[in-house]
Amino acid sequence: MGGLASGAEKHYKMEFRKIIPLISLLMFSCIQHGQEQENSSIQESSTYQLQIKYAKGFEFEYTNDYTKVLSRSIQGNSFFEDSLFILHSEDHDLEQNCKILPTKINSICCQSSTHLAFLDFLNELDKVTGLCGTKYIESSPIHNKLKDLHEICLGEAVQSEEILSLAPDLYFIYPFASEEESKLRDQGIRTFMIAEYLEEHPIARLEWIKLFGVLTHKEKEADDYFNKVEGEYYDRVQQPDTNMKFFLNLPYGDSWYTPSANSLVVKLLEDAGLSYYYQKETGTENTPHTQEEMWETGTQANYWVIIAERPADFTLDDLIEENEVYKDFRSVIQHQVIFCNSATSDYFVTGVLEPHEMLKDILFATHKLSEHKPKYFHLLN
Amino acid sequence: MKNQDRIVIVTVGIGVMLLFLLNLFIGSVSIDPSAILNLLTGGESENPAWPYIVENRLHRSLVAIFGGGALAVAGLILQVFFRNPLAGPGVLGISSGASLGVAIVILGGMSFAGSAGIIVFGVLGAFSVLALVLFLSRFIKSQVTLLVIGLMIGYFTSAFVNMLFLWAGESETREFVIWGLGSFEGLNREDLTLFIGVITAALLSTVFMIKGMNGYALGEDYARSMGINVRLQRTLMILITSVLAAVVTVYCGPVSFIGIAVPQLVRLLSKSKNHAFIIPFCFLGGAFLAILSDITVRLTTNSLPLNTVTALVGAPVIIWTILKMNKRNVEM
């Protein structure tokens, strides 16, 4: 018995020896996180206080001690809320676990290339060190402006080690990665949820530039640009004509997903005077339809709007080659297929900043604007 | 052929016919049956979309019949070959091999090879994996071990597919994901002709294998004693299985479970050991299950992928087979 006991004792001693370095590592790890939080500091109170007109997904709260930037879900989406504080005074009553923006942001990581468009406009692109899906922006003009950009994802999953080694001052993430967000936050990464894509109007989406303006202390530039585009956009808005019906997209496998009538692209097209074929589909998600249904719709709708990645010289004949049925679509017969080639235009990146240009493209394609050089959408010939 | 077998095969055949007609007449777009019949007999339609819709329903029904039938026959041949009721194109990694071939073309930057390239690479992939399994089978006596080896080869090829997937561009990965969900939809007239032509040729070739398969089912030595050229028989079985599994995988995606489940169900319905009966019965059984799955997919507005539906039907059959095998082993 004694022998057994002493053997077990020895075993426990050895195990304990192994555990000590592990405990030390954990302690060291905790200390590192603590230091990370101390990097935040005081900034001068901004004289430029921005008002939000259209966007529902974020807001600012100005106090003498800090500016609170809040991003949140819009009605109908899964609930989330995130906040970031810009301090103006040491005398604040914020809780210790609040996310506080450092005085100077030196490095930023982004989960979406759309975030890059906002940062590019504000001349902050040089601070971007990591992006999820770098290969998807290789053809974008923005790619050339990015130096030493690191891929931070494998597929769609964030690579913690890569993010930790980059140690960005701020990491813009999508809210659907909330589990990832809390994990990264525990590891000392300052994340902030951006959900500009949930807005229900292109101008509301553009208004997120104000949020980026506040975070990068370029409120005036952001506000001026927003006001300019807003003016240009609403000067050209038309009432939807119920005789000019449109439908969207291409099939995905056996199904054809049509965007909700509340989606950004539908609002844009309605502002150009077109009327959506699936106006009653007002949910937050795309609705799957069978190909049969869409083929019948295709033979009736006046316009077919497609946003897809295709070769630069893609023509109407190439489209018909994809499926013979298209040649009997009313829009194809009448040469009224409006196409945005996401391979050659920067629809998913700079397009967010230029809803006025997109509106003009649609108006030009529907012959409501006589002179214009299309940038995103054009009639397929 | 026993009277009972005759009744069963005729019933399944009638079932296939009824499901075929049902698949033609139901759909998310309501078309009058007289209009469908009019279109099928070369008439005109008041709605320009209807001829395409009816043609599409006809094509996918034919693809389901021939694709499902081909997979079931391929599964049967493999089960006879390996003398293992759990053998099938999916389990032995043959479908994974075909998937790798397709992935090389779609994801590996060889899309210029077009559909011909996809077919060639798909067949090569399937053939290579089956050849490898056969080679390894020389050194392995246990059937279960061989199945595990097949599964491992499947994982191995899947790892390559995953790597290609991560390196590929967005549109290529989208195309591959759609293909991977499995579907009997989307074949145009030319593809359909080739699809049916290749499967028919492969199935007709099985006529020359019937005697061999009857002997092979009792063991290689028994087959030899019957005067069967075992080497030729093996080659034919490998070739036909590879072609059948690869053609269906290339055109319809990796459709799971039909290949294993249908031969089991056929054995449940008939005690016949004669492959002159079992092969056509398997074909009809596969066609029945496939077209039933396709109808289910269509009734859910295509929101349920084909592989999900076939798994719902096929997986319980396989579990039942394993339990049956286990019971037999315990009794022995």
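Throughout, a chain's letter reflects where its sequence line sits, starting with A, and its residues are numbered from 1.
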Verify the neighbour count for atom [atom1] of [X]: are there more than 12 heavy atoms of other residues, nucleotides or ligands below 6.0 Å?
X        : atom1 : answer
B:Tyr155 : OH    : no
A:Glu322 : CD    : yes
A:Glu321 : CD    : no
A:Tyr252 : OH    : yes
B:Met17  : CE    : no
B:Phe156 : CZ    : no

Handout entry: Contact class of A:Glu293 relative to chain B, heavy atoms under 4.5 angstrom
Key = both

Practice task
Under 4.5 Å heavy-atom distance to chain B, tell me which part of A:Thr299 shows up: side chain, backbone, both or neither.
Solution key: side chain

Practice task
Report the residue from B:Ile31, B:Val54, B:Val29 that forms a side-chain contact (heavy atoms from CB on, under 4.5 Å) with A:Glu292.
Solution key: B:Val29

Once rounded to the nearest 0.5 Å, what's the spacing between atom [atom1] of [X] and atom [atom2] of [Y]?
X        : Y        : atom1 : atom2 : value
B:Ile178 : A:Ser255 : CD1   : OG    : 9.5 Å
B:Asn56  : A:Glu324 : CG    : CD    : 12.0 Å
A:Lys135 : B:Trp167 : NZ    : CH2   : 11.0 Å

Practice task
Over all heavy atoms of both residues, which pair between A:Trp295 and B:Tyr52 is shortest? Give the atoms and the distance, please.
Solution key: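 Result for this residue pair: CZ3-O, 3.5 Å.
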
Exercise for the section: Heavy-atom pairs under 4.5 Å with chain A are the metric here; pick the option from B:Gly186, B:Pro305, B:Ser183 that has the most. Expected result: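 Most heavy-atom pairs within the cutoff with chain A belong to B:Ser183.
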
Practice task
Could you tell me whether A:Asp254 and B:Arg298 have a side-chain N and a carboxylate O separated by less than 4.0 Å?
Solution key: no

Handout entry: Short N-O contact, B:Arg174 and A:Glu309, less than 4.0 angstrom
Key =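 Salt bridge flag = no for A:Glu309 with B:Arg174.
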
Handout entry: Under 4.5 Å from a heavy atom of chain A, the part of B:Trp179 involved
Key =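 Neither part.
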
Practice task
Heavy-atom pairs under 4.5 Å with chain B are the metric here; pick the option from A:Thr297, A:Val325, A:Asp328, A:Asn323 that has the most.
Solution key: A:Val325

